[in-house]
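When a ligand or atom number is given, it counts from 1 through the structure's own listing order. These values consider heavy atoms only, across backbone and side chains, with no hydrogens, waters or symmetry-generated copies.
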Amino acid sequence: MAFDGTGKVWMNGTIVDWKDATIHVASHVIHYGSAVFEGARCYHTPNGSRFFRLDAHMRRLYDAARNYRMNYAIDVDALTRAVVETVQANGLPACYIRPMIYRGYHALSVNPLPNPVEAAILVWEWGAYLGPDALEQGVDVRVSSWTRSAPNTFPAMAKATANYANSALIKMEAVLDGYSEGIALDPEGHLSEGSGQNLFLVRDEVLYTPPLSASVLPGITRDTIITLAQDLGLAVREHDLPREMLYVADEVFFCGTAAEVTPIRSVDKIPIGIGRRGPITTAVQQAYFDYINGIVPDSHGWLLPVNFPSHAATR
Ligand SMILES: Cc1ncc(COP(=O)(O)O)c(C=O)c1O
């Protein structure tokens with residue numbers, strides 16, 4: 001998906017035109033990957049546009065910033081209001097939202113601390129992340145030859161740009177080998193996650209997902225799926241999973257804000273279950289789409305109106 005180059009961007013408190021949302025090439029973030037960011041979505045529902053779990057995304061952003069000792073000038077509530085304003089300024093009924101906090105321009109050395117901490121918010125329209133057919137047909141994936149970072153290297157819980165060097169290697173390897181995605185193992189060889197998605201397996205009507213200790217991002221969709229699956233009466237277990245569980249699972253799917261709920265139909269050319277989207281994936285996917293699209297009542301309080309007065313944007 002290429003940008004069309006229009007729209008408005010929030011940069012350190014000012015809404016600017018897309019073309020003016022620039023930073024200097026000597027900014028620390030460009031050289032040393034010193035940024036943390038989020039990926040949230042706003043959906044067009046019958047009751048108007050709604051942010052999905054924006055508070056959870058913003059909390060994760062500030063948690064990531066804390067890990068990297070980045071103190072941004074305004075607090076999480078104020079930046080959340082800025083997200084609301086940015087979406088309103090762009091007038092998009094449904095969009096993907098990318099707030100980021102980064103180290104700006106001052107001096108270049110590995111030490112990020114002398115550099116200013118800045119922020120920007122981008123929004124754009126973004127459809128199905130793994131292609132329009134993926135949600136129904138499922139995708140073919142491989143287990144990556146790259147592993148996720150060890151717990152004492154990078155904080156996996158922090159959504160930091162630096163982590164995505166590893167994701168990019170996983171993704172490129174998969175795509176160049178003819179797969180849609182890669183599934184990475186953790187340093188112990190247990191299942192971890194995709195380059196930008198969490199992972200669920202189904203066997204005998206029980207859902208399994210790797211724990212946070214398996215170098216996964218604590219996905220907000222992952223948490224949503226756990227809750228919605230439990231609402232459906234399904235058991236969910238979070239524990240270490242060996243690679244071979246993939247091949248004997250009845251169903252496997254990815255989840256994430258971008259990927260939403262995407263079935264996996266084969267891993268390493270071994271068909272999963274019936275070789276297409278299975279019944280539990282279908283039920284969970286339906287529950288997810290019904291929720292985000294406002295088809296069912298917001299029983300968990302996850303939808304926030306975009307036209308909400310800005311001062312009440314956080315709950
Ligand atoms: C590495 C990784 N894992 C998992 C996820 C899913 O997280 P969420 O559901 O919060 O979007 C993402 C999404 O950005 C990701 O980049």
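Of the candidates Ile225, Thr224, Asp223, Asn198, the one placing a heavy atom closest to atom 4 (C) of ligand 1 is Asn198.
Within the 4.0 Å heavy-atom cutoff, Glu38 does not count among the residues contacting ligand 1. Heavy atoms of Pro218 come nearer than 4.0 angstrom to ligand 1 in no pair at all.
Here the straight-line distance linking atom CZ of Arg60 with atom CG of Asp223 works out to 10.5 Å at 0.5 Å rounding.
With salt bridges taken as basic N to acidic carboxylate O contacts below 4.0 Å, one links Glu181 and Lys171.
Between the side chains of Thr6 and Asp4, at least one donor N or O lies within less than 3.5 Å of an accepting N or O. Remark: the Glu173 side chain and the Ser145 side chain contain an N/O donor-acceptor pair separated by less than 3.5 Å.
Counting all heavy atoms, side chain and backbone alike, Pro211 lies closest to Arg222 at CA-NH2, 3.9 Å.
Residue Thr257 places at least one N or O, backbone or side chain, under 3.5 Å from an N or O of ligand 1. Taking any N or O of Arg148, backbone or side chain, none lies under 3.5 Å from an N or O belonging to ligand 1. At under 3.5 Å, a nitrogen or oxygen of Tyr164, whether backbone or side chain, sits near a nitrogen or oxygen of ligand 1. Considering backbone and side-chain atoms alike, Lys159 places an N or O below 3.5 Å from some N or O of ligand 1. Taking distance alone, with nitrogen or oxygen atoms compared against 3.5 Å, Leu217 stays at or beyond that limit from ligand 1.
Using a 4.0 Å cut-off between heavy atoms, Gln197 contacts ligand 1 through its backbone alone, with no side-chain atom that close. Of all the heavy atoms of Ser195, the ones lying under 4.0 Å from any atom of ligand 1 belong exclusively to the backbone.
Taking the six-membered ring for Trp and thresholds of 30 and 60 degrees, His24 and Tyr105 have ring planes inclined between 30 and 60 degrees apart. Using the six-membered ring where Trp is involved, Tyr32 and His28 have ring planes that are tilted, between 30° and 60° apart. Using cut-offs of 30° and 60° for the angle between ring planes, the Phe52 and Trp302 rings count as perpendicular.
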*Audit row: Ile183, Phe254, side-chain contact (heavy atoms from CB on, under 4.5 Å) steps and yes/no*: CA-CA 10 Å; Ile183 294 174; Phe254 279 137; 3.8 Å; yes
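Of the protein's heavy atoms, Thr221 OG1, 2.5 Å lies nearest to atom 9 (O) of ligand 1. Atom 12 (C) of ligand 1 has its closest protein heavy atom at Gly196 O, 3.2 Å. For atom 7 (O) of ligand 1, the closest non-hydrogen atom of the protein is Gly219 CA, 3.5 Å. Nearest non-hydrogen protein atom to atom 3 (N) of ligand 1 is Glu193 OE1, 2.7 Å.
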